[in-house]
Amino acid sequence: MQTLHDTIMQYNFNEIEAKWQKKWAELQTFRALQPEELTEQKPPFYVLDMFPYPSGAGLHVGHPLGYIASDIYARYKRHKGFNVLHPQGYDSFGLPAEQYAIQTGQHPAKTTEVNIKRYREQLDKIGFSFDWSREVRTSDPNYYRWTQWIFIQLFKSWFNNNTDKAEPISSLVEAFENEGNKNTNAACDDGVESFSAEEWNAFSANKKDAILLQYRLTYLAETEVNWCPALGTVLANDEIVNGVSERGGHPVVRKKMKQWSMRISAYAERLLQGLEKLDWTDSLKESQRNWIGKSVGAQLKFPILSFPKREGISVFTTRPDTIFGVSFMTLAPEHELVSKITTAEQKEEVEAYIKAASLKSERDRMADVKSITGVFTGAYAEHPFTKEPIPIWIGDYVLASYGTGAVMAVPCGDQRDYDFAKHFNIPIPNVFKGVDISKEAFADKAQTIITNSEFLNGLNAEDAIAKAIEKLEEIDAGTGKTNYRLRDAVFSRQRYWGEPFPVYYVDGLPKMIDEQYLPLHLPEINEYLPTEDGAPPLGRAEKWAWDTTQNKVVDKELIDHKSIFPLELNTMPGWAGSSWYLFRYMETKENRNQHMASAEALNYWKNVDLYIGGSEHATGHLLYSRFWTKFLNDRKVLPVEEPFKKLINQGMILGESAFVHRYNPSFDTNAKTKREREMLSLKMNNLFISYNLVHIINKELKASKHVFIRPEGVFDINGEKIQTKNIENLNVTFESLFNSGLNNILIKDSSFIPIHTDVSLINFSNELNIEGFKKWRPEFQDAEFIKDENGKYIVSREVEKMSKSKYNVVNPDDICEDFGADTLRMYEMFLGPLEQAKPWNTAGITGVHNFLKKLWKLYYNGDNFEVTAEPASKEALKTLHKTIKKVTEDIENFSFNTSVSTFMICVNELTQQKCNAKDILEPLAVLISPYAPHIAEELWEKLGHSESVSTAAYPVFEEKFLKEENKTYPISFNGKMRFTLDLSLDLSKDEIEKAVMEDERTQKQLDGRTPKKVIVVPGKIVNIVG
RNA sequence: GCUCGGAUGGUGGAAUUGGUAGACACGUUGGACUUAAAAUCCAAUGGCCAUUAUGGCCGUGCGGGUUCAAGUCCCGCUCCGAGUACCA
């Protein structure tokens, strides 16, 4: 039993942690200073975590992993004398809250508030050094006011390809007024009409607006979307499974809808080039490169024979060198020319094909790569060089959304074209020298030598591409062109819980609300569903119209289209608020009203030095925020071009699910009568068998042996009986059955059904808490168990993603309660490399916890704090400095798992040395404080300091304490280590060799032989060959 | 299919980038303390063989190679994970 005396002397983590968490909050210990507050020279350093979406499930132990790593780094940088900005906030708009609102009628703001509170409590318990005074929430009107403001800036900008920058729309208007759009080189919609200055000036205001909309960086356009009529909303690709909605399984159709889009494609090249300068992992940069999908080639035109000259089909190709290998063309079924060129004879067939293709979703089409389909249109195009007629086909292997929606098919050089040609018996001319194309296409660019191609003959791919483009330009049939896969991003959502657009409509054209009247607040609605006629949820708002004379939101009924206009009903997507939040943190709460952040603050903090988060944001958030940062930099709002200098993806912490195994007799009994079968299933539906037995039986079944349960209550394998110590258990269970005349029960491998069970019911040895299990869910309350020979019921374990539905969630609160936050922090780091996925195993935590207890005991002897001023021993100094060196290197390399081991070794050694010298224990407290801040603060205070340990300078490593005089040399014979020998490090190569050769063990190893060679690497190794 | 990662004891993982493989922990086993348990402490712990203090052989997914020396470098495979996909 614990006495009062014991509690004082022991490491009482609950008390210590609560004490310091309270102090840090009261004293604002981790508040970052704005440049004007600095009293001493301190360079800024910005450490940021990807902010969480506050879900109703709360945090599990996987979530804080990245936060702990960044917190260690932030605390380390403070010790190193930096002014560290380490904030936290919430990405608080989002679908789950809305979904919950639809089900319960609860306002999403309310549930979000509750969830945030829970998150905050959980985060606080882990002892993070966040500067909470700078918290942001994307759903806060004071925050989304500036999201709306950025949207307006995008609307007021266009992208000038000549300067490669965004510019104010006024400069475009000016150009139009002076020279029309003939000299404009802008990122804009396809098919913008050309006009002269006179024509522009004569256009109506509406016409001008409509034209400008085609140039703006955010624009309204007809976009093909996945529309789900039953749910009344657009779905993202990942919300559709097998052509039906993920939720509810409703059909999805492709539909054109007017949507806001972001012209991110204008920034494709800069987003690609910018990656070079970033300190991100190669895999992450690679994902972004793939997503941007740059391909260099040529765009060319094939005239259509039945059409007047100059009209033709545009195609994009990366292989203009193979142009003489073209034997047909393929258009996407949706291609606008299809209906125009199809001949009368082919019409019926083509239309049937188009109809069939339109019924398939884009996803279906992509999933079904195997089957080759297509139809001949009857039309022909003309080869630009040979003037030969080329048949034009349609086929759904060509996607309307990429390139021009048409390809010049070169079957000898492209496998898809090859397959298509083979399938429809189209000729496959070969343009590759010395290559056999009878089996498959030849796509190896590096090995290519062109032949059968007039002026390209004998050239390699690179030269032939250049030559082909040159010739195409000469005859005005095409030009060199770079294509990007990156599409403009749809920015409208038919949702309630998101940022409202600061947009109203006059004559169907969008107008921006003047910036000074922001924010435009999200209106109240009675139900969080689309309206009956299919408008988004905001269509339900009564008060949702813009009064341009009063500049405020008024009742919808007042709309007169003269001064009161309808407001936009869509809201912004999740990535809107998260694209710029890092800059909001740079400003203090008091000074946030006038701007997203002040120029001084933006200039001082610049961008994020270290960003830690999950890799699932590789192509979403991380691309969009780069885009917005570049845009705001172009428009002189931000001083930087990139948001995140260094980025680390933390790996996922996986859960270890536990399974009980239920005996499922319904299919595998040889019970003869119906009555017997009924009895059996009734009796056995709740019978669980220990995994140790399941494991043995399954193994035997795999070896095709027969396993029976016999009336004696034994498992019988091919006549051999497995003895279990709990036979009675088995006997009782089966008694009534056997009494009814059954003489054995055959077991098959489908007999045991694994069922997820809550991991909190499992102890460290995988033993089930049977009483707890029975109480866990009502259907198990009469469960019966067959235990193994030790009388235990064992579960099986499997590593899976941590999730509520798998009952494998481990809650950090519980760990903090049982072991303390410092233990949790160190254990999460100890699990393995930060970037790697790894399973959580609570059993292992005791090792780290014991380590902290041992650390405590270095400073405490019983209940006496015992640290002496006596000089430290040589060994202790060596231990300390070895530790400083390694831990510092590890932090710099984000190798936190090895630094925890280093601390363990350090404490083990100091314990062994019985060290309690202040010279050692004081720097050690500082060294460990980033990892285990609470215990460090407590010890630091006991050491006589009144300031937080976080203000202490980081210990300085001194080489001199590590100076060794001797080295224990491993002595190898033919590369195999046989013994070790202590020798002075001062010895020369020859002296070492001499000492080794003189050793009697060497002579014994050699056994009379003479070595051929002796390799001596001073300070490392000796290897004797022969 | 393509791209990028991985593969080391019963488990999580170390290994100064070519120099004593398995650090540090967990687990397991044995011991001390205890009426007992927990806690704590001590010892052993890659496999196989031998045992007299001593030793030997094998061993980092598989097969080759380079080297005095390979978990690490090179060539060829197998398996696992992540991302992405008719991208012309």
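In what follows, chains carry the letters A, B, and so on, assigned in the order in which the sequence lines appear, proteins first and then strands, with residues in each chain numbered from 1. Keep in mind that this is a model prediction, so the values were computed, not measured.
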Checking contacts here: which listed nucleotide ([options]) is nearest the side-chain heavy atoms of [X]?
X       : options                : result
A/N1023 : B/rU40, B/rU20, B/rA69 : B/rA69
A/T968  : B/rG19, B/rG56, B/rU20 : B/rU20
A/V1017 : B/rA88, B/rG19, B/rU20 : B/rG19
A/V407  : B/rA15, B/rA88, B/rU3  : B/rA88
A/T980  : B/rC4, B/rA69, B/rU20  : B/rU20

(message) Generate the contact string for nucleotides 70-75 of chain B. Rules: B means base contact, S means sugar-phosphate contact only, - means no protein heavy atom under 4.0 Å.
(response) ------

Test: [X] and [Y] ion pair at under 4.0 Å:
X      : Y      : result
A/R289 : A/E286 : yes
A/E276 : A/K285 : no
A/E462 : A/K445 : no
A/K963 : A/E959 : no

(message) Just confirming the chi classification of B/rG9, syn or anti, using 90° around 0 as the syn window.
(response)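 Syn conformation here, the glycosidic angle of B/rG9 being no more than 90° from 0.
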
(message) Does B/rU17 count as syn, meaning its glycosidic angle lies within 90° of 0, or as anti?
(response)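 Chi for B/rU17 falls in the syn range.
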
(message) For A/A843, is there any backbone N or O sitting under 3.5 Å from a side-chain donor or acceptor partner on A/N841?
(response)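 Yes, because the side chain of A/N841 sits within donor-acceptor range (under 3.5 Å) of the backbone of A/A843.
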
With no hydrogens and no angle check, do the side chains of [X] and [Y] hold a donor and an acceptor under 3.5 Å apart?
X      : Y      : value
A/D419 : A/Q415 : yes
A/T330 : A/Y397 : yes
A/Q299 : A/T404 : no
A/S657 : A/E800 : yes

Can you pull every protein N or O that's under 3.5 Å from an N or O on nucleotides 25-29 of chain B?
residue, atom, partner, partner atom, Å
B/rA25, OP1, A/N908, ND2, 2.8

Quick one: is [N] close enough that its OP1 or OP2 comes under 4.0 Å of any side-chain N or O from [X]?
X      : N      : answer
A/R978 : B/rG56 : yes
A/K976 : B/rA69 : no
A/S295 : B/rA88 : yes
A/K838 : B/rG12 : no

Using a heavy-atom cut-off of under 4.0 Å over every strand shown, decide if [X] touches base, sugar-phosphate, or nothing.
X       : result
A/Q836  : sugar-phosphate
A/K1012 : nothing
A/S901  : base
A/N290  : nothing
A/R797  : nothing
A/N483  : nothing

(request) For A/V1025 and for A/G403, find the nucleotide of RNA chain B with the closest heavy atom, then tell me which residue's nucleotide is more 5'. (result)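 Residue closer to the 5' terminus by nearest nucleotide: A/V1025.
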
(request) Specify the separation, in whole Å, of atom CD of A/E440 and atom P of B/rG1. (result)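 Taking atom P of B/rG1 as the reference, CD of A/E440 is at 13 Å.
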
(message) Only Watson-Crick and G-U wobble pairs with both distances less than 3.5 Å should count. Give RNA chain B in dot-bracket notation, marking inter-strand partners with |.
(response) (((((((..(((......[....)))((((((.......))))))((((.....))))..(((((..]....))))))))))))....

